[in-house]
Amino acid sequence: MWSILANPHRFMAFSRYAVPVCYAIGTALFGWAMYQALWVVPSDAYQGGDIIRAMFIHVPSAWLCMGLYLGLAGSSFVWFIWRHELADIAARAIAPIGAGYTALCLATGSIWGKPTWGTWWLWDDARMMSVLVLFFLFLGYMALRAAMETRQKAARAGAILAMVGAVNVPLIKFSVDIWSSLHQGPSVIRAEGPAMAAVYLNPLLISFLGQGLIVAAMVFTLMRAEVFGQQADALMARRLSEG
Amino acid sequence: MTLPSPLLSAFRQALSEAWAGGAGVLLPFGFFAGTAVLVPFTMGSDPDLLAKIGPGVLWLALALASLVTLERVFQADLQDGALDLWVQEDGSISQIAAVKTLAHWLISGLPLVLLTPLLGMMLQVPATQTVPAMVAYALGGLTFFLWGGVAAALSASVARGGLLIALIALPFYLPTVIFGTLALDEGLGGTSILFLAASTLFALGVAPAAMGAALRLAAD
Amino acid sequence: MTLPSPLLSAFRQALSEAWAGGAGVLLPFGFFAGTAVLVPFTMGSDPDLLAKIGPGVLWLALALASLVTLERVFQADLQDGALDLWVQEDGSISQIAAVKTLAHWLISGLPLVLLTPLLGMMLQVPATQTVPAMVAYALGGLTFFLWGGVAAALSASVARGGLLIALIALPFYLPTVIFGTLALDEGLGGTSILFLAASTLFALGVAPAAMGAALRLAAD
Amino acid sequence: MSDPALIEGRGLGAVRGERVLFQDVSLAVQGGDGMVLRGANGSGKTTLLRQLAGLSEPQAGTVQRTTNHHWIGHSNGLKPHETPRSHLANWARVWGSEIEVEDVLLQMQMHRPADVPCRLISAGQKRRTGLGRLLLVPRDIWLLDEPFNALDADGQALLAGMIATHRAGGGAVIAALHGTAPIEVSDEVVL
Amino acid sequence: MSDPALIEGRGLGAVRGERVLFQDVSLAVQGGDGMVLRGANGSGKTTLLRQLAGLSEPQAGTVQRTTNHHWIGHSNGLKPHETPRSHLANWARVWGSEIEVEDVLLQMQMHRPADVPCRLISAGQKRRTGLGRLLLVPRDIWLLDEPFNALDADGQALLAGMIATHRAGGGAVIAALHGTAPIEVSDEVVL
Ligand code: HEM
Ligand SMILES: Nc1ncnc2c1ncn2[C@@H]1O[C@H](COP(=O)(O)OP(=O)(O)OP(=O)(O)O)[C@@H](O)[C@H]1O
Ligand SMILES: Nc1ncnc2c1ncn2[C@@H]1O[C@H](COP(=O)(O)OP(=O)(O)OP(=O)(O)O)[C@@H](O)[C@H]1O
Ligand SMILES: [Mg+2]
Ligand SMILES: [Mg+2]
């Protein structure tokens with residue numbers, strides 16, 4: 001699929017329809033999940049009462065921000081090796097959305113943490129720290145790109161950083177994990193299968209799917225804007241050089 | 001170890017550069033004086049407290065030394081045209097960057113490590129921790145310089161991107177800080193020092209290539 | 001206050017220089033990130049401990065920001081020939097240096113002060129201390145920048161005298177740190193904040209002339 | 001002596017390392033003069049000019065200036081992040097100049113790269129930007145250190161014209177030069 | 001084509017900002033050639049030279065070099081704390097040169113300030129030190145960006161002589177120049 005999309009024209013043709021479709025289905029799924037989360041799902045005394053409803057945003061956003069970083073590193077790699085213009089456009093579009101989702105994960109996490117753990121923030125919690133670091137990776141990536149003169153240079157610098165960052169992420173995760181953790185271990189994605197009641201699990205997965213589609217739509221939207229911008233630049237350059 | 005001659009020369013040149021900069025002799029002194037004066041005044045001189053924060057202050061100092069030093073080196077190389085000369089030494093710019101990093105670590109990082117016993121005394125670090133601390137600071141400092149070098153090389157072409165560097169380098173410093181802090185508690189027998197060594201090796205493997213690519217970009 | 005036009009221009013130019021360097025926007029972030037990540041890992045995250053060292057960490061950060069920033073400014077002015085132009089504005093080089101220092105403090109020092117409530121929350125500084133802390137950091141930071149500027153100007157003609165600077169500046173930082181730390185405890189009603197303000201005024205009176213003389217020397 | 005000299009150096013000397021670079025150099029320049037400093041590389045032209053500008057203290061002798069001067073050194077005084085426009089606008093403000101920066105940019109033919117940061121513009125464009133300062137405020141003395149360096153033929157003609165106009169208006173120029181001078185020389189000091 | 005070109009650029013193009021600096025520039029240089037790049041300030045000579053040297057990625061076209069080259073840019077690559085002697089000695093070691101640095105210093109007439117830190121020597125002395133690198137190891141291609149800048153008459157003759165010798169020995173030179181070329185020009189590219 002990616003090799004098909006690597007052609008900007010085909011990408012534009014595809015995304016033209018994909019964007020509204022993703023938005024529509026994503027919003028519908030997410031809306032249903034939110035309805036379930038806010039009115040249907042029973043509150044859970046052990047996890048802090050009604051605040052458990054934050055889970056339906058927190059957990060998908062946690063998964064998505066990690067996924068978005070993988071996407072960033074992947075498209076950076078593709079650009080660095082094959083110089084596919086579209087891969088760079090994708091990387092550029094992913095970064096702010098990734099940063100936003102990471103911030104969302106941090107925010108919902110600390111909102112959840114206040115009633116359950118009695119504090120907004122824990123310094124030596126492994127998950128929290130690794131998400132914070134992910135946030136800094138996104139910020140650093142964007143700051144670096146913004147500081148470079150030309151798009152070409154921004155792409156090169158960004159790709160180097162994203163790739164090195166990707167190699168380092170497992171190390172960060174591992175080091176942080178052996179440090180200590182208050183955060184609960186995985187209860188959905190684990191070898192023995194999910195250990196979560198279906199009332200929680202189904203809306204959670206639906207919410208994840210819905211948010212995932214919305215994220216995809218947002219990324220495509222930003223990419224389209226960028227492609228349009230570049231076409232406009234090219235047009236302008238042609239006009240300028242003609243007279 | 002016999003280095004090929006360009007690398008050896010890059011090393012010698014970087015050594016003399018770091019030395020001539022005055023940083024070599026003065027960094028440990030400056031840092032020593034700085035912590036000696038500022039830390040007790042601002043954080044109190046309670047021995048228990050100092051014992052707790054002492055190692056951390058040293059880590060911070062190493063991290064800062066690595067960031068500030070390499071930023072200048074690459075920025076200066078870019079401005080005075082020396083980077084152009086090095087970039088053209090075919091294919092070896094990564095190795096040269098690594099060797100320069102090493103030289104600057106020797107001059108600006110290692111003296112701090114060697115001063116550890118003295119600083120440790122001041123900051124109430126228990127005597128039994130001195131040797132593990134020195135090993136940990138040596139390995140950790142080198143890792144800091146390597147990752148800091150990547151960040152510095154990446155932002156070399158940006159006018160005074162000092163803080164961009166800090167932002168970029170931080171995530172990379174984290175594993176080192178964690179393993180290093182753990183290693184101080186566990187001593188040389190523990191596993192953390194092995195992890196620390198592994199993370200240093202990892203940086204040695206990955207950082208030079210990234211530095212090389214970033215320096216090429218900076219010269220463009 | 002109406003500044004004469006050369007001073008106003010020097011101020012505007014210094015502002016845009018500090019801003020363009022990226023330090024303006026990024027320094028608070030970089031520092032925020034730095035403390036957020038490194039301090040708890042290296043020094044532990046015990047809230048009591050953090051409450052004790054928090055204010056000190058902020059003082060250290062201000063001190064470092066002042067040293068690193070101004071060194072670069074004057075070094076760059078010397079190398080690109082801008083210093084020659086300023087030195088010839090008859091007699092006013094002291095004032096120009098003061099104004100530039102002010103601009104860089106505004107861009108690199110003040111944001112840290114403004115972030116104090118946030119950092120204070122993270123580092124467990126008690127809420128009642130927030131306002132006195134901000135006043136103290138603002139005054140203290142300015143004093144740091146002024147003395148740091150003198151040290152930076154003195155070592156501007158030495159190639160990369162970064163650590164020479166630290167050594168020269170430290171003694172001057174000491175009174176500020178002492179009064180500042182006391183002021184944090186005493187609050188706005190105490191006398192320490194007055195002493196702090198007095199030391200800032202003193203620096204404002206003496207440092208510019210010293211900077212001017214040192215910059216003239218550097219240009220020679 | 002009819003006119004008082006705009007700038008006058010008496011018995012100037014410079015020592016660098018163990019070496020006497022020059023000694024007993026006396027010179028005086030009146031309005032309309034164009035003095036050229038000549039000498040091999042390292043003979044002390046820059047050193048002498050810096051003494052005349054008051055940037056460097058002479059090891060011997062004295063310098064007297066009756067009016068203000070412009071200084072153009074080997075380096076142009078540009079910040080990497082500044083643009084030619086912002087550089088000139090800034091110095092126009094510093095000197096309280098009434099002149100339109102736009103006109104100066106046009107005259108120096110720097111209107112096209114006027115908004116490109118100085119770290120990106122070409123060597124000759126940097127020099128033109130620095131030379132543009134000469135036009136911001138009229139000052140009687142111009143001290144120029146190899147001002148024709150890095151300029152293309154047009155640029156050299158442009159500068160020569162600026163110097164001629166300046167001298168015609170009663171100004172004086174002291175310039176360190178190598179090679180044939182593209183300006184009319186009224187006096188030469190050889191170091 | 002009899003000889004294969006030492007260096008060849010095909011269809012080179014450069015874009016800076018929104019502007020096309022140059023496009024479709026093709027050039028080839030054989031042993032003995034002395035090619036001069038001409039053009040107004042900011043026309044792209046430095047940019048083209050950097051592409052030829054492999055320092056800058058061309059936005060269009062390709063560069064092929066069959067042998068190694070020397071690069072002399074606008075800045076000389078000297079560190080402020082280095083002395084001319086230590087600079088040349090260092091690059092001699094990097095390139096595994098057999099030549100005596102002392103001889104190079106003598107030839108460049110830099111034996112007197114050979115031990116003064118580069119931040120203190122004069123502009124022309126800096127340039128001579130940088131040019132001294134050309135003599136450390138023989139390389140077929142010399143890429144020179146305004147190499148005559150800041151040199152006095154002796155220095156210009158010296159460099160012209162070096163270039164002539166180099167070309168007589170089968171080397172090639174590509175130089176960006178303003179004004180009359182003090183070397184024999186075999187080919188000109190105007191940007
Ligand atoms: C700022 C604070 C927090 C951050 C940065 C954070 C981060 C994360 C991350 C990264 C994940 C995904 C982990 C994975 O799948 O491997 C996650 C999952 C989760 N988090 Fe948090 N979290 C925070 C606070 C909390 C709090 C306070 C709670 C509740 C007590 C909580 C409950 C959960 C749950 C139930 C999961 C799903 C675990 C699973 O099934 O894998 N989190 N969080
Ligand atoms: N510390 C020192 N020891 C010895 N010589 C020194 C020292 N500092 C400077 N010099 C010498 O002083 C001279 C300074 O010359 P200056 O820069 O004035 O020359 P110039 O005439 O402008 O030359 P150019 O034509 O190359 O610009 C140089 O020859 C330099 O080598
Ligand atoms: N980001 C940018 N936007 C617009 N123009 C740019 C940008 N970066 C560089 N330029 C222009 O690109 C050109 C680079 O020219 P280059 O340095 O190659 O010129 P040159 O021929 O060597 O000139 P000189 O004779 O002055 O050395 C300059 O005209 C510069 O203004
Ligand atoms: Mg000179
Ligand atoms: Mg050029």
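Each chain gets a letter, A, B and so on, in the order the sequences are listed, and its residues count up from 1.
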Which atoms of E:R38 approach chain D - backbone, side chain, both or neither, heavy atom under 4.5 Å: neither

Please state whether the side chain, the backbone, both or neither of E:L151 comes within less than 4.5 Å of a heavy atom of chain D. both

Just so I understand: if I count every heavy-atom pair under 4.5 Å between each of D:P113, D:S43, D:A150 and chain E, which residue has the most?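 Answer, by heavy-atom pair count under 4.5 Å with chain E: D:A150.
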
Leading residue by heavy atom contact count with chain E [cutoff under 4.5 Å; candidates D:L120, D:V116, D:D154, D:N41]: D:N41

Heavy-atom count around D:E188 CD within 6.0 Å, excluding the residue itself: above 12? yes

More than 12 heavy atoms of other residues, nucleotides or ligands under 6.0 Å from CD of E:Q59: is that the case?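 Above 12, so yes.
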
Looking only at side-chain N and O atoms, does D:R85 offer a donor or acceptor that is under 3.5 Å from a partner on D:H111? no

Establish, yes or no, whether a centroid distance under 6.0 Å links the rings of D:W142 and D:H69. no

Answer with yes or no after comparing the ring centroid distance for D:H70 and D:W95 against a 6.0 Å cut-off, counting only values under it. yes

So for [X], is it side chain, backbone, both, or neither that comes closer than 4.5 Å to the heavy atoms of chain E?
X: D:R127; value: neither
X: D:R16; value: neither
X: D:R112; value: side chain

Is E:D152 salt-bridged to E:R128, cutoff N-O under 4.0 Å?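 Looking at E:D152 and E:R128, the cut-off is met.
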
